[in-house]
Amino acid sequence: MKIAVLKEPDPEEGRVAITPETAKRFIGLGATVLVEAGAGVRSLILDFDYSMVGAVVAETAADAVGDADVVLTVRRPSQDILSHLKKGALAIAMMDPYGDDAAIKAMADTGVTAFAMEFMPRITRAQVMDVLSSQANLAGYQAVIDASYEYGRAIPMMMTAAGTVPAARVFVMGAGVAGLQAIATARRLGAVVTATDVRPAAKEQVESLGAKFVAVEDEEFKQAETAAGYAKPMSAEYQAKQAALVAEHIKKQDIVITTALIPGRPAPRLVSADMVKSMKPGSVIVDLAVERGGNVAGAKLGEVVTTPEGIRIVGHKNVPGRIAATASQLYAKNLFTFVETLVDKKEKVLAVNWDDELVKATALTRDGAVIHPAFLN
Ligand code: NAD
């Protein structure tokens with residue numbers, strides 16, 4: 001059983017799919033582990049650290065994938081790499097499955113069996129493999145760190161001999177995994193935190209973190225959660241009521257962090273240009289949904305925009321990748337625990353159980369076809 005791990009070709013992707021800890025555990029399962037030279041450097045892991053635990057450092061990606069049975073990456077591997085793989089090899093990554101059907105089809109055509117980690121079901125057994133949660137949690141943390149960097153003032157209240165500094169007011173929009181961590185981080189820094197969401201279950205979670213919940217709590221709100229725990233798209237009427245509430249609240253905020261997403265759809269627009277304008281000069285907005293179209297008018301992917309009124313809108317790409325070493329540690333653990341379920345530990349060989357719900361949920365391509373239900377009409 002050969003497991004290959006590649007260096008991410010995008011220079012802005014600092015994460016890596018294996019750590020020395022998980023490499024050691026793969027070797028313990030009977031695998032030979034090949035890691036492309038330099039793969040871990042941007043996550044503070046040297047080639048030497050991998051060789052110390054018994055992994056083989058391969059000069060190039062092509063050397064690493066040679067006759068690999070499993071290829072692990074952070075992002076979807078390039079078509080060139082996929083074409084180097086033997087038929088039926090497993091490619092496991094965050095495949096970004098929506099939005100580029102042609103690329104997914106081309107991946108199927110290479111004959112690899114691809115698994116999209118984003119499709120991991122959110123059930124107790126799979127919590128340890130849940131890449132969306134492990135990465136969103138870090139994005140929520142990093143959003144507050146990025147906001148505090150752009151905010152030219154202190155966050156906590158300070159009473160000093162030279163005067164009193166007021167606590168910053170932080171408003172978190174969307175209280176899922178990222179939003180809850182943003183609330184917790186802002187509270188730890190001493191901010192006065194409020195938060196909103198359309199799912200009623202979020203209220204108690206927000207309050208348990210010591211923040212105040214602000215939302216339009218009407219009949220539609222009571223029904224806004226799907227059976228899978230996600231938000232439903234809200235009606236135009238609800239959105240208008242929500243906008244009026246947010247417009248009043250946002251004026252008084254110093255920092256706004258938006259995280260609202262709806263699976264398989266563009267992010268809902270929650271902050272209009274007028275709302276941005278109504279904020280005080282020096283206020284900061286971090287739009288964590290910018291890669292999915294953005295929650296905030298004026299947010300630009302990969303940029304920090306300063307409006308004429310002096311409000312900064314932060315639209316960093318790949319926010320978990322800004323804290324790459326920690327993101328890699330958690331992502332690599334997510335991958336290891338999934339791959340472990342694909343191995344016959346006695347025989348020390350790959351043995352994919354196609355009846356396993358985790359396999360069925362995450363398998364994207366097999367035997368030359370796209371097989372995930374999300375792509376079958
Ligand atoms: P997400 O990334 O899809 O969305 C982020 C948040 O935005 C959600 O809380 C959503 O309700 C909110 N949102 C959407 N539209 C909004 C709007 N118009 N206004 C305000 N907020 C809006 O969500 P997520 O972080 O992936 O979490 C989704 C759910 O899954 C949560 O209930 C979470 O607790 C649950 N979850 C369960 C598990 C598990 O059981 N293993 C793991 C992770 C998350």
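Reckoned from all heavy atoms, side chains included, excluding hydrogens, waters and symmetry mates. We number each residue from 1, following the sequence as shown. Atoms within each ligand, like the ligands themselves, are counted from 1 in listed order.
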Which atoms of ligand 1 sit under 4.0 Å from any heavy atom of [X]?
X    : result
A175 : 9 (O)
D130 : 42 (C), 43 (C)
L270 : 17 (C), 18 (N), 19 (N)

Is there a heavy atom in [X] that sits closer than 4.0 Å to ligand 1?
X    : answer
P268 : yes
Q239 : no
S133 : yes

On a heavy-atom basis, which atom in K222 and which in P200 lie closest, and how many Å separate them?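 Answer, listing the atom of K222 first, then P200: CA-CG, 3.8 Å.
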So which protein heavy atom does [atom] come closest to, and at what separation?
atom                    : result
atom 19 (N) of ligand 1 : Q242 NE2, 2.9 Å
atom 1 (P) of ligand 1  : L261 CB, 4.0 Å
atom 34 (O) of ligand 1 : Q205 NE2, 4.7 Å
atom 27 (O) of ligand 1 : R122 NH1, 3.7 Å
atom 5 (C) of ligand 1  : T259 O, 3.3 Å
atom 11 (O) of ligand 1 : D197 OD1, 2.7 Å

Measure up the [X] and [Y] rings against each other and bin them: parallel (under 30°), tilted (30 to 60°), perpendicular (over 60°).
X    : Y    : value
W354 : F115 : parallel
F26  : F336 : perpendicular
Y98  : F119 : perpendicular

I want to know if ligand 1 touches [X] in the polar sense, i.e. an N/O pair below 3.5 angstrom.
X    : value
R199 : yes
E225 : no
A231 : no
Y230 : no

Considering T226, V198, V128, V177, which one's heavy-atom position lies nearest to atom 17 (C) of ligand 1?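 Of the listed residues, V198 has the closest heavy atom.
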Can you check which of A201, A224, G229 brings a heavy atom nearest to atom 29 (C) of ligand 1?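 Selected option, by shortest heavy-atom distance: G229.
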Should we count CE of M158 as having more than 12 external heavy atoms under 6.0 Å?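 Atom CE in M158 is crowded, with more than 12 foreign heavy atoms closer than 6.0 Å.
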Report yes or no: do [X] and [Y] form a side-chain donor-acceptor pair below 3.5 Å?
X    : Y    : answer
Q127 : R122 : no
T258 : D287 : yes
S235 : E220 : yes

Residue-level breakdown please: for Q127 versus ligand 1, do any non-hydrogen atoms fall below 4.0 Å on the side chain, on the backbone, on both, or on neither?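 Just the side chain.
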M173 and ligand 1 - part of the residue with a heavy-atom distance under 4.0 Å: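 Contact part for M173 vs ligand 1: neither.
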